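First up is the structure itself, then whatever we jot down about it.
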Amino acid sequence: MKNFKLPYCLLLVIVLCSAFVYRDNPQINIVFIGDSITHGTVAKDQSPPNFVGEFLKEKLGPNIQVSNQGVSGRTTVDFLPATNTLFKKVKAAAITFYADSTAQLVFSVMLGTNDSAIQGPNGSPVSPPNYQSNLKTIADSLLAVYPNAKIVINYPIWYSDNTHNRSTYLKEGQQRVLSYWPQIDALVKEYKKSNPHHVFAGDKKAYPYFEKNYLTDFKPENGADGVFYLHPNTKGEKALAEFWSKALLKAIK
């Protein structure tokens, strides 16, 4: 009998260790929803979602997958399910992830830059109440399909008040971005009562960081009202990814 005890004990230890490894390194699948800032404007493999994946793998282990559904120039209006375009693509990206019932599905959202424009993007300017309503429609629709998912709504970031490319943003747009913040606060508060532990406030720190460090972390771009700053460069995308990652970690834990 003694000859059989050692292998059995070793097998038990291996099984227990495997269980702990699985618990400590869960499968987490993240779908990113956003505009050009989410999509990235430097290189295909150098976007905030890519950098988030790398950052979270360092913190949580290798079982992290990301899908970048950011689309340049888009607003909350473009992601409404009624459009049957971008929301459909978000669902298609998520459904692959959702097939694994043991994984945690997370949606990371940052929209508002294009909503805030004076003119140009679809639906702009989007009023603060409509901005909140659009986000709620998107979140409700995602949770209807993926009831176990978590949604992190990041606050739209700073841009210079002379931003004017094919669309017009300027100071009015910059101020409108900040008017969206209380709408996110109110929406998250509402979900805490109606559907707790599913919708979370995301990052707020990127805005003041970029407002202070735009010369080193944003790309200078020529516009109708001079050189403006709207899109992060590689350094800025890595900084943004770290801010998003910290917000995601809070929601995941």
Side-chain angles (χ1 to χ4, degrees), residues 30-38 48 52 69-71 74-83 86-87 90-91 94 104-118 121-159 161 163 169-211 240 243-253:
I30 309 169
V31 179
F32 289 84
I33 297 172
D35 48 39
S36 59
I37 294 169
T38 296
V52 167
Q69 295 301 311
V71 183
R74 299 307 189 263
T75 64
T76 55
V77 176
D78 293 302
F79 279 93
L80 290 173
T83 64
L86 297 184
F87 188 81
V90 168
K91 283 176 60 179
Q104 175 64 66
L105 177 63
V106 184
F107 294 94
S108 177
V109 182
M110 195 188 82
L111 290 165
T113 296
N114 295 309
D115 295 65
S116 74
I118 297 170
N122 186 24
S124 65
V126 176
S127 70
N130 285 341
Y131 175 77
Q132 181 189 141
S133 176
N134 292 346
L135 284 179
K136 187 178 188 308
T137 299
I138 294 166
D140 283 348
S141 302
L142 290 173
L143 291 172
V145 183
Y146 313 105
N148 297 322
K150 296 186 177 185
I151 301 172
V152 178
I153 304 176
N154 294 295
Y155 296 73
I157 63 174
W158 176 92
Y159 58 76
D161 61 12
T163 297
Y169 298 82
L170 306 178
K171 190 165 187 175
E172 178 185 328
Q174 188 190 67
Q175 291 175 339
R176 192 159 22 249
V177 162
L178 290 174
S179 74
Y180 292 156
W181 284 39
Q183 302 300 323
I184 296 175
D185 291 337
L187 185 60
V188 170
K189 185 177 181 180
E190 180 182 331
Y191 276 112
K192 281 184 178 179
K193 295 179 180 178
S194 65
N195 195 353
H197 313 301
H198 285 285
V199 178
F200 301 86
D203 171 71
K204 287 184 175 180
K205 294 181 179 179
Y207 187 104
Y209 172 82
F210 288 126
E211 185 177 20
L240 183 59
F243 286 124
W244 285 358
S245 295
K246 289 176 180 177
L248 286 164
L249 281 171
K250 289 180 182 179
I252 290 166
K253 288 179 178 178

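Quick caveat: nothing in here was measured; it's all calculated off a predicted structure. Residues: numbered from 1 along the sequence shown.
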Would you say the side-chain atoms of [X] pair up with the backbone N or O of [Y], donor to acceptor, closer than 3.5 Å?
X      : Y      : result
Ser179 : Arg176 : yes
Asn154 : Asp203 : yes
Ser194 : Glu190 : yes
Tyr191 : Ala139 : no
Gln174 : Tyr159 : yes
Tyr209 : Leu240 : no
Tyr131 : Leu111 : yes
His198 : Ala149 : yes

Rounded distance (nearest 0.5 Å) linking atom [atom1] of [X] with atom [atom2] of [Y]:
X      : Y      : atom1 : atom2 : value
Gln183 : Tyr155 : CD    : OH    : 11.0 Å
Leu142 : Leu105 : CG    : CG    : 8.5 Å
Ser108 : Lys150 : OG    : NZ    : 13.5 Å
Leu135 : Asp115 : CG    : CG    : 8.0 Å
Asp78  : Leu86  : CG    : CG    : 6.0 Å
Trp244 : Ile157 : CH2   : CD1   : 7.5 Å

Can you find a pair of side-chain heavy atoms, one from [X] and one from [Y], that are under 4.5 Å apart?
X      : Y      : answer
Asn122 : Thr83  : no
Val126 : Pro121 : no
Val52  : Ser245 : yes
Tyr169 : Thr113 : yes

Which atom of [X] lies closest to which atom of [Y], heavy atoms considered:
X      : Y      : result
Gly112 : Val177 : O-CG2, 4.3 Å
Ser141 : Pro81  : OG-CG, 3.2 Å
Gln104 : Asn148 : NE2-O, 3.3 Å

Discussion item. Side chains of Thr137 and Asn134: any donor to acceptor distance under 3.5 Å?
Written reply: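 No donor-acceptor contact under 3.5 Å links the two side chains.
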Item to complete: Please state whether the rings of Phe243 and Phe210 are parallel, tilted or perpendicular, taking 30° and 60° as the class boundaries.
Response: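 Judged by the thresholds at 30° and 60°, the geometry between Phe243 and Phe210 is perpendicular.
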Worksheet item: Parallel, tilted or perpendicular: which fits the ring planes of Trp181 and Tyr207, with parallel below 30° and perpendicular above 60°?
Response: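 Perpendicular, since the angle between the ring planes exceeds 60°.
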Item to complete: Decide yes or no on side-chain contact (heavy atoms from CB on, under 4.5 Å) for Val109 and Ile138, but give the supporting numbers first.
Response: CA-CA 10 Å; Val109 182; Ile138 294 166; 5.6 Å; no
Discussion item. Quick check on ring-ring contact (aromatic ring centres under 6.0 Å, His included): which of Phe79, Tyr146, Phe200, Phe87 does Phe107 satisfy it with?
Written reply: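 Between Phe107 and the candidates, ring-ring contact (aromatic ring centres under 6.0 Å, His included) is satisfied uniquely by Tyr146.
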Practice prompt. From the options Leu80, Asn114, Asp35, select the one residue that forms a side-chain contact (heavy atoms from CB on, under 4.5 Å) with Thr75.
Written response: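 Result for side-chain contact (heavy atoms from CB on, under 4.5 Å) with Thr75: Asn114.
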